[in-house]
Amino acid sequence: PASGLPEDLREHAKLMCDIIAIAFQTNKTRVASLIISRDLSAMYYPFLDVKEGHHASSHDNASDSYERIANFHVSQYAYLASKLDSMKEGDGTVLDHSIVIYGSAMSNANDHTHHPLPLVLVGGGTGQLKKLGQHVSMPDETMANLLLTVAQRTGANITSFGKSTHTVDI
């Protein structure tokens with residue numbers, strides 16, 4: 001296209017991950033947000049052999065189609081984490097000095113519920129994360145509490161985030 005952006009979502013997502021990695025590596029920013037596709041979108045994934053749009057697929061979150069979409073999104077997260085882990089920085093890697101969160105908009109798309117929201121955190125946050133390499137279930141926590149904790153542990157001088165009420169043990 002005239003804008004120069006890749007038309008293929010796979011190329012576009014990889015490019016966005018590369019830009020985030022370079023921004024982190026050069027310390028231009030350590031905060032980024034990447035949305036590959038809004039869950040409400042009608043984006044199609046022909047390269048995954050998914051016949052319906054993203055939103056329609058999400059209404060059966062046990063379907064093969066939605067699983068292929070979710071796997072594609074998780075693979076982009078894994079690509080970014082791997083890229084950050086390959087970049088040396090000080091006594092470790094850029095990933096060691098970062099916290100990268102992956103999440104979905106829904107816990108159960110069939111029911112349109114978002115609690116408990118499954119999230120994945122990678123990175124060491126320069127030693128600020130204590131519960132590495134394990135599954136931590138926090139069914140009574142909100143994402144706002146988690147984001148407040150991450151923000152404070154990475155140096156932000158804030159006492160609240162959205163509807164947060166406290167920090168969490170991570």
Which value, rounded to the nearest 0.5 Å, describes the distance between [X] atom [atom1] and [Y] atom [atom2]?
{"X": "S164", "Y": "L147", "atom1": "OG", "atom2": "CG", "value": "9.0 Å"}
{"X": "I69", "Y": "S63", "atom1": "CD1", "atom2": "OG", "value": "7.5 Å"}
{"X": "H73", "Y": "L34", "atom1": "NE2", "atom2": "CG", "value": "9.5 Å"}
{"X": "T142", "Y": "L117", "atom1": "OG1", "atom2": "CG", "value": "10.5 Å"}
{"X": "Y45", "Y": "S65", "atom1": "OH", "atom2": "OG", "value": "12.0 Å"}
{"X": "T29", "Y": "F24", "atom1": "OG1", "atom2": "CZ", "value": "6.5 Å"}

Within-4.5 Å side-chain heavy-atom neighbours: [X] and [Y]:
{"X": "L80", "Y": "V100", "answer": "yes"}
{"X": "Y102", "Y": "V122", "answer": "no"}
{"X": "I99", "Y": "L121", "answer": "yes"}

Looking only at the side chains, is there a donor atom on one of [X] and [Y] sitting less than 3.5 Å from an acceptor on the other?
{"X": "Q128", "Y": "T154", "answer": "no"}
{"X": "S37", "Y": "S41", "answer": "yes"}
{"X": "D85", "Y": "S82", "answer": "no"}
{"X": "H166", "Y": "E141", "answer": "yes"}

Look at the rings of H54 and Y66 and say which category their plane angle falls in: under 30° parallel, 30 to 60° tilted, over 60° perpendicular.
-> perpendicular
Group every Ile, Leu, Val, Met, Phe, Trp and Tyr by side-chain heavy-atom contacts under 4.5 Å, then state whether [X] and [Y] land in the same group.
{"X": "M143", "Y": "V31", "result": "no"}
{"X": "Y79", "Y": "I20", "result": "no"}
{"X": "I36", "Y": "V50", "result": "yes"}
{"X": "V136", "Y": "V150", "result": "yes"}
{"X": "L129", "Y": "V168", "result": "yes"}

Please walk me through it: do D18 and K83 pass side-chain contact (heavy atoms from CB on, under 4.5 Å)?
-> CA-CA 8 Å; D18 290 343; K83 183 101 175 165; 3.5 Å; yes
Considering residues, nucleotides and ligands other than I158, do more than 12 of their heavy atoms fall under 6.0 Å from its CD1?
->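 Yes, enclosed.
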Step by step, work out the side-chain contact (heavy atoms from CB on, under 4.5 Å) result for N145 and T167.
-> CA-CA 5 Å; N145 291 340; T167 58; over 6 Å; no
Return yes if some donor-acceptor pair links the side-chain N/O of T113 with the main-chain N/O of S107 below 3.5 Å, else return no.
-> no
Check D96 against G92 and note the closest heavy-atom contact, atom names and distance.
->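 Looking at all heavy atoms of both residues, the shortest contact is OD2-CA, 3.3 Å.
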